[in-house]
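Heads up, the thing below is written out as structure tokens.
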Amino acid sequence: MSSEPSGSPGTLFVVSTPIGNLGDLSARARQVLGEVDVLACEDTRRTGRLLELVGVAPPRLVALHGHNEAARSAGLVDRLLGGSSVALVSDAGTPLVSDPGERLVAAAIAASVPVVAVPGPSALLAALVVSGIDTGRWRFEGFLPRKGAERRARLAAIAAADHPSICYESPHRIEATLADLAIHCGGERRVVVARELTKLHEQTWRGTLAEGIDVARAGEPRGEHVIVVDAAPQAERPGSSDLELAIGRLVAAGLERRDAVTAAVVLLGASRRDAYEASLQVARD
Ligand code: SAM
């Protein structure tokens, strides 16, 4: 990718790379990696190997990882402002997703450098879409804090969430994390553990947290894991006829309609909208 004419900055490409299966490198990612002036990567040897395997002549490689990102970002933005094009990759998957890159992207944006995504593999989406768990709304938790109050607070939030939560976990901590999740969510909560996605020994396990602990204990703790925890079971909402009956009784007992609606929301777990609709029906009857 030739440098832009002087005066225009180059583009920062945020490029996703495979999480295990080389075939998942997109044609566009391959092209961009082969054409940029500079490639920022976590580990130059590892990325050099990837380029070799996919037959891309390596551009200039610059190591950018958790420990040097702040310092390196400034130099990379200078190059971008000088017209060089830069691609950012991580060791695997999508940069910035539990991986370095946030500071570089923020610095590029602050310097008005164009930032373009070359999307592709990410373990979190791969796990979510094979989990069988509701994909409408969910929250990515990354790696949970290892211990202490912060870990407990995050576990409690996952336990109470009305949406599924997705966590990354290393093989030697999977059993302990499933056990902590079971303490907070209860052993019956549905969980999916996806392991070695896109690789030869890919495995997706579905069951309860209590069962998951046994499975993790029995097996060899090997490979990278994604945990998808289902939402907290929601209390069943009352139907419209139950609501009308309850609100009708509350109004007959002397409550204002507005107060009867609030009582139905608080005591019966109805949505405010349903309770309001029921109160209108009671008024019509
Ligand atoms: N940026 C990456 C992405 O987009 O998925 C994630 C990087 S993070 C440092 C590494 C974690 O991602 C692993 O510990 C594991 O939880 C998850 N992971 C990465 N590759 C995986 C795979 N092939 N199967 C299951 N989980 C994987």
Side-chain angles (χ1 to χ4, degrees), residues 12-26 28-29 32-33 39-47 49-50 53 63-69 87-106 115-133 135 138-146 151 154-155 158 164-181 191-207 212 215-216 219-229:
L12 172 63
F13 295 93
V14 182
V15 183
S16 301
T17 58
I19 56 169
N21 188 325
L22 278 187
D24 292 336
L25 185 77
S26 74
R28 182 167 168 240
V32 167
L33 295 180
L39 178 49
C41 54
E42 280 186 89
D43 178 339
T44 53
R45 277 183 35 197
R46 190 171 169 149
T47 298
R49 177 98 183 106
L50 169 71
L53 287 170
L64 180 117
H65 43 70
H67 302 299
N68 71 359
E69 187 176 345
L88 166 70
V89 298
S90 61
D91 279 351
T94 299
L96 283 82
V97 177
S98 292
D99 265 341
E102 226 170 77
R103 287 173 190 227
L104 175 60
V105 168
V115 181
V116 168
V118 182
S122 187
L124 95 95
L125 281 181
L128 177 69
V129 299
V130 296
S131 68
I133 286 179
T135 56
W138 43 272
R139 182 179 171 118
F140 178 52
E141 294 282 348
F143 289 96
L144 293 176
R146 293 217 160 171
R151 181 172 172 90
R154 292 273 290 278
L155 288 161
I158 290 172
S165 304
I166 305 166
C167 309
Y168 282 166
E169 196 48 280
S170 63
H172 63 281
R173 295 184 57 84
I174 188 77
E175 186 190 329
T177 292
L178 291 174
D180 283 352
L181 282 165
V191 68
V192 175
V193 180
R195 190 164 80 97
E196 304 268 63
L197 287 159
T198 77
K199 299 184 189 177
L200 187 62
H201 299 294
E202 168 168 354
Q203 200 177 47
T204 302
W205 182 90
R206 303 172 182 87
V215 170
E220 279 236 357
R222 214 183 290 151
E224 316 208 60
H225 292 71
V226 183
I227 304 171
V228 186
V229 187

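Atoms within a ligand are numbered from 1 in the order they appear, just like the ligands themselves. Note that the coordinates shown come from a computational prediction; the quantities given were computed from them, not determined experimentally.
- Between E196 and R222 there is no salt bridge, since none of the side-chain N atoms of the basic residue sits less than 4.0 Å from a carboxylate O of the acidic one.
- A salt bridge is defined here as a Lys NZ or Arg NE, NH1 or NH2 lying under 4.0 Å from an Asp or Glu carboxylate O, and R154 with E141 meets this definition.
- In this structure the side chain of L64 never reaches within 4.5 angstrom of the side chain of E42, judged on heavy atoms.
- A donor-acceptor pair under 3.5 Å is formed between the side chain of T94 and the backbone N or O of P121.
- Sorted by chain then number, the residues whose non-hydrogen atoms approach ligand 1 to under 4.0 Å are I19, A92, G93, T94, V97, S98, D99, S122, A123, F143, Y168, E169, A194, E196, L197, K199, E224, H225, V226.
- Two residues are said to be in side-chain contact when any heavy atoms from C-beta on lie closer than 4.5 Å; P171 and H225 meet this criterion.
- In summary, the side chains of S90 and R46 do not present any donor paired with an acceptor at a separation below 3.5 Å, with no hydrogens or angles considered.
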